[in-house]
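Presented below is the structure to which this report refers.
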2 protein chains.
Amino acid sequence: MSRYIVRMPGPRFTLDRSSPVPLYFQVAEQFEHAILSGEIAPGERIDNEIALAKDLGLSRPTMRQAIQVLVDKGMLVRKRGVGTQVVHGKIRRSVELTSLFDDLSAAGQKPRTEVLAVGKVAAEEDVAHELQLGIGDDVWSLERLRFVGKQPLAVMHNFIPLDVVDLDAVDLEKTGLYAHMRTSGILMRVARQRIGARGAGADEAALLGEKKGAPLLTMQRTAYDNAGRAVEYGRHAYRPDLYAFELTLVDR
Amino acid sequence: MSRYIVRMPGPRFTLDRSSPVPLYFQVAEQFEHAILSGEIAPGERIDNEIALAKDLGLSRPTMRQAIQVLVDKGMLVRKRGVGTQVVHGKIRRSVELTSLFDDLSAAGQKPRTEVLAVGKVAAEEDVAHELQLGIGDDVWSLERLRFVGKQPLAVMHNFIPLDVVDLDAVDLEKTGLYAHMRTSGILMRVARQRIGARGAGADEAALLGEKKGAPLLTMQRTAYDNAGRAVEYGRHAYRPDLYAFELTLVDR
DNA sequence: GACGTCAATATGTCAGGACAAAGGGTTGAC
DNA sequence: GTCAACCCTTTGTCCTGACATATTGACGTC
C-alpha cells in the first residue's frame with residue numbers, strides 16, 4: 001500500500017492509491033472536511049489547481065475533478081483568472097432522493113409508522129397517468145401515518161405498479177418503503193416532486209390531530225428507475241409546524 | 001469558419017469549432033434537443049462514448065463532458081459495462097436560483113408587481129441572523145404584492161443589507177428585485193431555501209383575497225454571493241391554488 | 001496624475017492514451 | 001440442465017500536454 005502524506009499551507013491531505021475510493025473523491029472529502037471544520041475559512045482562497053495537483057502528486061484533471069465535486073455542492077466557487085475560494089462553510093444537505101423515514105433516521109429521531117391500509121386498487125386517472133399505466137389497472141395502494149415521538153407528522157399515500165415490488169409479505173412499519181424497494185433491487189434515479197399546500201380534509205385532520213381546513217404542506221413525488229420506468233407515485237401531507245423542506249441551490 | 005456536419009444513426013449533429021460556445025456544450029445542447037423532441041426515445045441507448053467521439057471528431061474526455069451535462073440534468077443515465085440511456089424525455093427545469101418574476105416571465109405570463117412599502121428598517125433578530133448583521137442594524141425592507149393576470153399570487157417581503165444595492169431610485173414594479181441586483185453587479189451563487197406552509201394572517205389574507213387562516217405556501221430564502229456574503233433574505237407567501245414548487249431530483 | 005497596454009496568473013477547454021472495474025452474455029464443465 | 005468461469009463491451013479513473021481566455025496589477029506613456 002502506497003501512502004503519501006502531503007503538507008500544505010493549511011490542511012494536511014492523505015492519499016491512498018491502493019484504496020478503491022477514487023483519488024478525486026478522497027481529495028474532495030478531505031477538502032470538504034477542512035472547510036466544514038473551519039480549517040479553511042469562508043472567503044479564503046485555496047491554492048491554484050496546478051500547485052495543488054503538484055503537491056498531491058496528482059494530475060491537473062484529477063485535481064479539477066475533486067474541486068468540481070465541491071463546486072457542485074456549492075462550497076467552492078471558481079473564477080477564471082482569479083482562483084478558487086470557499087463560499088460558505090455550512091451547507092445543508094440538499095434535497096435528495098430519500099424519504100422522510102431516511103431523513104428522520106439520519107436526524108437521530110425515532111420515527112414510527114402506522115400502516116393504515118395496504119392492498120390492490122384500480123388506478124384512478126392521475127395515478128395511471130403518473131405511473132404510465134392504463135386507467136383501472138391494478139396497483140398497490142399504501143396508506144401510512146408517520147409519527148415523530150408521539151406526534152402525528154404526516155399522512156402518506158403511495159401507489160406502486162404491481163410488477164415493481166410485492167408489498168404483501170413486508171413489514172412496512174419497520175423497514176420503510178424506500179428501503180424495501182432498494183433491497184428489492186429497485187434503483188430510483190430520478191424523481192419529480194411538486195410541493196404545495198392546501199387545507200386539511202376531515203379524515204386527514206382527524207389523523208393528524210388538526211382541525212378541518214388547517215393548512216397542510218403537501219408533496220407529490222413520482223420516482224423513476226434507470227430505464228425511465230415510473231416505479232412509485234406518492235401523495236403526502238405534512239403538518240407544517242413539524243416539517244418543512246430545506247434545499248440549497250447552486251447557480252452554475 | 002470550419003463547420004462539420006456529422007451523420008449519426010439517429011440525429012445529425014453540427015459542430016462549430018470557431019464558435020465561442022464550448023464544443024462539449026454544443027453537443028450537450030443538441031443531444032438535449034434530440035431527446036426533448038423525441039428523436040431519441042426514453043429508454044433508448046445511445047452510442048458508446050468512444051464511437052460518438054470518433055463520429056464527431058472529438059476526444060473522449062470532451063464527449064464525456066457533454067454527456068455529463070445531461071446526466072447532471074437527469075436526462076441520461078450511465079451504467080458501466082452497459083452504456084448510456086435516456087431516462088426521461090420531459091424533465092422539468094429544476095428549481096433554480098431565479099425569482100418568481102423570472103419564472104412567470106419565462107412561462108409567457110405577464111406578472112404585475114405592486115410595491116407596498118420600501119424603506120430602511122432596523123433588523124429584527126432573525127433578519128440580522130440570516131444576513132450576518134447586528135440586531136438593530138438598518139437594512140432595506142421591501143414588501144411587494146405579485147399578481148398574475150388580475151389575481152393576487154404572492155406577498156413578498158425582502159430584506160437586503162444597505163451596502164449591497166440602493167433601492168431608492170429603482171422602479172421595482174418593472175424590473176424585479178433579482179434582475180436589479182444582477183445589473184448592480186451582485187452575483188448570487190448559492191441560496192438556502194425553506195419551504196413550508198401556514199395559515200394566513202389577517203393582513204395577508206386581505207392582500208391575497210383569501211380568508212384569515214387559509215392555507216398559504218411559504219418560502220424563505222437567503223442568498224449568498226461569491227464571497228459567501230449574505231445579500232438577500234426573503235419571506236414569501238403564495239396562494240397554494242396558484243403556485244407550487246416543482247423540482248427534479250437526480251440521484252448520483 | 002490619469003489612462004491605456006502588457007504581462008503574469010489562474011481557470012476553461014480540448015486532445016490522446018492507458019488501465020481498471022462492472023455488467024452481461026457465452027461457453028464450458030459437471 | 002445448472003452453474004461457474006471466462007470474455008467482451010462500456011463506462012470509470014487517471015495521466016501528460018497544450019492552447020484559450022478572463023482577471024488583475026504593474027508598467028509606461030501622454
Side-chain angles (χ1 to χ4, degrees), chain A residues 1-2 4 9 13 15-29 31 44-72 76-87 185 187 189 225-227 252, chain B residues 1-2 4 6 9 13 15-29 31 44-72 75-87 185 187 189 225-227 252:
Chain A
M1 185 176 77
S2 60
Y4 300 94
F13 281 38
L15 291 184
D16 181 356
R17 297 192 93 98
S18 72
S19 161
V21 179
L23 292 174
Y24 76 89
F25 197 79
Q26 293 184 37
V27 176
E29 268 187 326
F31 248 116
E44 194 175 327
R45 248 184 48 204
I46 66 175
D47 278 355
N48 70 67
E49 296 172 350
I50 301 184
L52 282 172
K54 192 183 168 197
D55 284 351
L56 291 168
L58 295 172
S59 69
R60 192 182 155 212
T62 303
M63 195 61 225
R64 269 185 75 78
Q65 199 175 358
I67 292 175
Q68 189 60 44
V69 172
L70 300 182
V71 170
D72 288 344
L76 293 179
V77 169
R78 287 205 246 238
K79 273 194 284 190
R80 184 191 297 202
V82 180
T84 306
Q85 56 182 193
V86 179
V87 180
L187 212 56
R189 295 300 288 263
D225 69 1
N226 280 335
R252 281 183 284 182
Chain B
M1 185 176 75
S2 59
Y4 299 94
V6 179
F13 281 41
L15 291 184
D16 180 359
R17 296 190 93 97
S18 72
S19 162
V21 178
L23 292 174
Y24 76 89
F25 197 80
Q26 293 184 36
V27 176
E29 270 185 326
F31 248 118
E44 193 174 330
R45 248 185 47 205
I46 66 176
D47 278 355
N48 69 66
E49 298 171 348
I50 302 183
L52 282 172
K54 192 184 170 196
D55 284 351
L56 291 168
L58 296 171
S59 69
R60 191 182 157 212
T62 302
M63 196 60 226
R64 268 185 76 76
Q65 198 174 359
I67 293 174
Q68 190 60 43
V69 172
L70 301 182
V71 171
D72 288 343
M75 302 180 72
L76 294 179
V77 168
R78 290 204 245 237
K79 272 193 284 189
R80 186 190 299 200
V82 181
T84 304
Q85 53 182 198
V86 179
V87 179
L187 211 55
R189 295 300 288 264
D225 70 0
N226 279 335
R252 280 183 283 182

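Proteins get letters first, then strands, A, B, ... in listed order; numbering begins at 1 in each. The shown structure was predicted, so the numbers you read here are calculated from the model rather than taken from an experiment.
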I need the [atom1]-[atom2] distance between [X] and [N], as an integer number of Å.
X: A:I50; N: C:dA8; atom1: CD1; atom2: P; value: 15 Å
X: B:L23; N: D:dT21; atom1: CG; atom2: C1'; value: 15 Å
X: B:Q65; N: C:dC14; atom1: CD; atom2: P; value: 7 Å
X: A:R45; N: D:dT24; atom1: CZ; atom2: P; value: 10 Å
X: A:M63; N: D:dC14; atom1: CE; atom2: P; value: 12 Å
X: A:Q68; N: C:dG12; atom1: CD; atom2: P; value: 8 Å
X: B:K54; N: C:dG17; atom1: NZ; atom2: P; value: 12 Å
X: B:Q26; N: C:dC14; atom1: CD; atom2: C1'; value: 13 Å

C:dC14, C:dA18, C:dA10: which one has an atom nearest the side-chain heavy atoms of B:R60?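 Of the options given, the side chain of B:R60 lies nearest C:dA18.
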Can you figure out which of C:dT11, C:dC14, C:dG24 approaches the side chain of B:V82 most closely?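 Comparing C:dT11, C:dC14, C:dG24 against the side chain of B:V82, the answer is C:dG24.
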Check whether any side-chain nitrogen or oxygen of [X] sits under 4.0 Å from OP1 or OP2 of [N], and answer yes or no.
X: B:Y24; N: C:dT13; value: yes
X: A:T62; N: D:dT13; value: no
X: A:R64; N: C:dT11; value: no
X: B:T84; N: D:dT10; value: no
X: A:R78; N: D:dT21; value: no

Any base atoms under 4.0 Å from B:P22, or only sugar-phosphate, or nothing? Heavy atoms, all strands.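 Answer is sugar-phosphate: B:P22 comes under 4.0 Å of backbone atoms only.
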Which residue, A:P61 or B:N48, contacts DNA chain D at a nucleotide closer to its 5' end, judged by nearest heavy atom?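 It is B:N48 whose nearest nucleotide is closer to the 5' end.
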Side chain of B:R80, base of C:dG24: donor and acceptor closer than 3.5 Å?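 A donor-acceptor contact between them is absent.
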Minimum heavy-atom distance between A:A66 and A:A28, given as atom pair plus value: O-CB, 3.7 Å
Please name the pair of heavy atoms, one in B:L56 and one in B:L15, separated by the smallest distance, quoted to 0.1 Å.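 Scanning both residues completely, I find the closest heavy atoms to be O-CD1, 3.5 Å.
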In the structure I gave you, are the side-chain heavy atoms of A:R17 and A:L58 within less than 4.5 Å of one another anywhere? yes
Close side-chain approach of B:M63 to B:K54, heavy-atom, < 4.5 Å: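 Result no, sub-4.5 Å side-chain heavy-atom pair not found.
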Would B:T84 and B:V77 count as a side chain to side chain contact (heavy atoms under 4.5 Å, CB included) if you check the C-alpha gap in whole Å, the side-chain angles of each, and the deciding distance to 0.1 Å? CA-CA 6 Å; B:T84 304; B:V77 168; over 6 Å; no
